[in-house]
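Counting from 1, the numbers follow the sequence of the chain as shown.
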Amino acid sequence: MNLPAAIIFDFNGVLVWDSHLHEQAWCEFARRLRGSPLTQDEIIQYIHGRTNRTVLEYVLSRDVTADEALLLGEAKEAIYREQCPYDAVANHLSPGAVPLLNVLRESTIPYAIATSSGLGNMMFYEQQYRLQQWFAPEFLIYDDGTVRGKPAPDLYLRAAQRLQTRPAHCMVVEDSVSGIESARAAGIGHIVALGPTQEHARLHTVPGVANVINSLAEIDLQMFQHLPVAIG
């Protein structure tokens, strides 16, 4: 691929492989709210890449106010955050993430995170994964309640704006169909889908996907290694 002008990473399932913990937390929380856990089909269609408010409206089959979404969403996230530090897979950044971020930090390529997670989880991620090593706060774009969640394009449009780069010149790395749809709707020029080998055939069929990888370790670091640090 050609060198992108900027890179935007989804977080959950891309920079951290924690999707299984979110699935478990949502299943437990759905059981509390409606009396039954989510099915695997529901998880795929209605959970991954979505904001808490959107998921809650699906689980409860009704509209949810912003205040209610914040209260209930934090209760679900408490289940997730309690488990995350003790999970052997989710308690560190995903394979290839640290070398890639280290190289990007020393290059002229701007980069950001665009995640459907809310402020509480974003603060947790900053501490748990020491994101300040690589990301200034303005390049952590999350669900702050002022934009529509994925698959709407808002998060990726905001990320591209913060990076001062046209969406068509950005590369996005995503793992969920709703996230891919969000990037495509934003006009992102190069969408990389990340997932296990058994998911590759399905991901290749999603409109907008340019290529599919197993992990960030498959991104060629040599593309960025000879670019000087941006000054000013």
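With sequence neighbours left out, Phe9 forms a ring-ring contact (aromatic ring centres under 6.0 Å, His included) with no residue at all. Among residues two or more places apart in sequence or in another chain, the side-chain contact (heavy atoms from CB on, under 4.5 Å) test is passed with Gln40 by Glu23, Ile43, Ile44. With sequence neighbours excluded, no residue forms a side-chain contact (heavy atoms from CB on, under 4.5 Å) with Ser61. Scored by the side-chain contact (heavy atoms from CB on, under 4.5 Å) test, Pro207 finds Arg184 as partners (sequence neighbours excluded). A search for side-chain hydrogen bond (donor to acceptor under 3.5 Å, both in side chains) contacts involving Ser215 returns nothing, not counting sequence neighbours. Applying the side-chain contact (heavy atoms from CB on, under 4.5 Å) rule to Val209 yields the partners Ile180, Ala193, Val206, Val212; only residues at least two apart in sequence or on another chain are considered. Applying the side-chain hydrogen bond (donor to acceptor under 3.5 Å, both in side chains) criterion to Thr165, with sequence neighbours excluded, gives no partner residue.
Evaluation of the side chain to side chain donor-acceptor pair (under 3.5 Å) test over residues 86-96, restricted to residues two or more places apart or in two chains, returns His20-Asp87. For residues 130-149, the set of pairs meeting the ring pair (Phe, Tyr, Trp, His ring centres under 6.0 Å) definition, not counting sequence neighbours, comprises Tyr111-Phe135. Among residue pairs with one or both ends in residues 33-70, those qualifying as ring pair (Phe, Tyr, Trp, His ring centres under 6.0 Å) are Tyr46-Tyr58; sequence neighbours excluded. Counting only residues at least two apart or in different chains, side chain to side chain donor-acceptor pair (under 3.5 Å) contacts with residues 201-210 comprise Glu199-Arg202.
In this model, no donor atom of one side chain and acceptor atom of the other lie less than 3.5 Å apart for Asp41 and Thr39. A donor-acceptor contact under 3.5 angstrom links the side chains of Glu77 and Asn52, judged on distance only. Remark: the Asn12 side chain and the Ser117 side chain contain an N/O donor-acceptor pair separated by less than 3.5 Å. Side chains of Arg53 and Ser116: no donor on one and acceptor on the other come within 3.5 Å.
In this structure a side-chain-to-backbone donor-acceptor pair under 3.5 Å is present from Glu57 to Val64. Side-chain atoms of Glu218 come within 3.5 Å of backbone N or O of Asn214 as a donor-acceptor pair. At distances below 3.5 Å, not a single donor-acceptor pair connects side-chain atoms of Asp143 with backbone N or O atoms of Gly149. Panel note: side chain Glu82, backbone Ile79; no donor-acceptor pair is recorded below 3.5 Å. Checked by atom type and distance alone, the side chain of His169 never pairs as donor or acceptor with a backbone atom of Gly189 at under 3.5 Å.
Under a 4.5 Å side-chain heavy-atom criterion applied to ILVMFWY residues, the cluster that includes Leu155 comprises Ile141, Val147 as well.
Under the 4.5 Å side-chain heavy-atom criterion for Ile, Leu, Val, Met, Phe, Trp and Tyr, Ile219 and Leu163 are members of distinct hydrophobic clusters. Residues Leu194 and Leu203 do not share a hydrophobic cluster, clusters being chains of Ile/Leu/Val/Met/Phe/Trp/Tyr side chains in contact below 4.5 Å. Hydrophobic clustering keeps Ile8 apart from Leu104 (ILVMFWY residues linked when any side-chain heavy atoms are closer than 4.5 Å, directly or through intermediates). Hydrophobic clustering (side-chain heavy atoms under 4.5 Å, transitive across Ile, Leu, Val, Met, Phe, Trp, Tyr) keeps Met123 apart from Leu70. Note: the hydrophobic cluster containing Leu131 also contains Val16 (ILVMFWY, side chain heavy atoms under 4.5 Å, direct or indirect links).
Atom CD1 of Ile7 and atom CG of Leu100 lie 6.0 Å apart (nearest 0.5 Å). For the atom pair OH (Tyr80) and CG (Asn121), the distance works out to 6.0 Å, reported to the nearest 0.5 Å.
Shortest non-hydrogen contact noted between Ala160 and Cys170 is CB-SG, 4.2 Å. Listed here is the closest heavy atom pair of Ala159 and Ala114: CB-CB, 4.2 Å. Glu138 approaches Arg162 most closely through the heavy-atom pair O-NH1, 2.8 Å. Here the closest non-hydrogen pair linking Cys27 and Leu38 is SG-O, 3.7 Å. Residues Leu21 and Ala90 come closest through the heavy atom pair CD1-CB, 3.6 Å. Residue Glu74 comes nearest to Gly120 through the heavy atom pair OE2-CA, 3.9 Å, listed as atom of the first residue, atom of the second, then distance.
Counting heavy atoms from C-beta outward, Pro85 and Phe124 have side chains that approach closer than 4.5 Å. The shortest side-chain heavy-atom distance between Val103 and Gln222 does not fall under the 4.5 Å cut-off. The shortest side-chain heavy-atom distance between Arg50 and Ser176 does not fall under the 4.5 Å cut-off. Between Pro99 and Leu221, some side-chain heavy-atom pair lies under the 4.5 Å cut-off.
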For side chain to side chain donor-acceptor pair (under 3.5 Å), just list the numbers for Ser182 and Arg148, CA-CA rounded to whole Å, side-chain angles, deciding distance to a tenth of an Å, and then say yes or no. CA-CA 10 Å; Ser182 172; Arg148 295 173 298 170; over 6 Å; no

Determine, stepwise, if the pair Leu140 / Glu126 fulfils side chain to side chain contact (heavy atoms under 4.5 Å, CB included). CA-CA 9 Å; Leu140 299 174; Glu126 286 186 86; 3.7 Å; yes

Let me see the working for His190 and Asn211 under side chain to side chain contact (heavy atoms under 4.5 Å, CB included), right down to the final yes or no. CA-CA 9 Å; His190 192 95; Asn211 58 302; 2.9 Å; yes

Check the pair Arg62, Glu68 against salt bridge (Lys or Arg N to Asp or Glu O under 4.0 Å), reporting the backbone distance first and the verdict last. CA-CA 12 Å; Arg62 63 173 174 81; Glu68 189 179 15; 2.6 Å; yes

Hey, mind stepping through Asp18 and Arg81 against salt bridge (Lys or Arg N to Asp or Glu O under 4.0 Å) and telling me if it holds? CA-CA 10 Å; Asp18 61 349; Arg81 290 195 293 260; over 6 Å; no

Could you walk me through whether Tyr156 and Asp10 pass side chain to side chain donor-acceptor pair (under 3.5 Å), step by step? CA-CA 9 Å; Tyr156 282 117; Asp10 176 39; 4.8 Å; no

Hey, mind stepping through Phe29 and Leu56 against side chain to side chain contact (heavy atoms under 4.5 Å, CB included) and telling me if it holds? CA-CA 10 Å; Phe29 203 59; Leu56 287 165; 4.1 Å; yes

Side chain to side chain contact (heavy atoms under 4.5 Å, CB included) between Thr115 and Met122, intermediate numbers included: CA-CA 9 Å; Thr115 176; Met122 197 73 257; 4.0 Å; yes

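Environment of CD in Gln127: sparse, with no more than 12 heavy atoms of neighbouring residues, nucleotides or ligands closer than 6.0 Å.
For the pairing with Val59, the side-chain contact (heavy atoms from CB on, under 4.5 Å) check across Arg31, Lys76, Glu42, Arg34 returns one residue only, Arg34.
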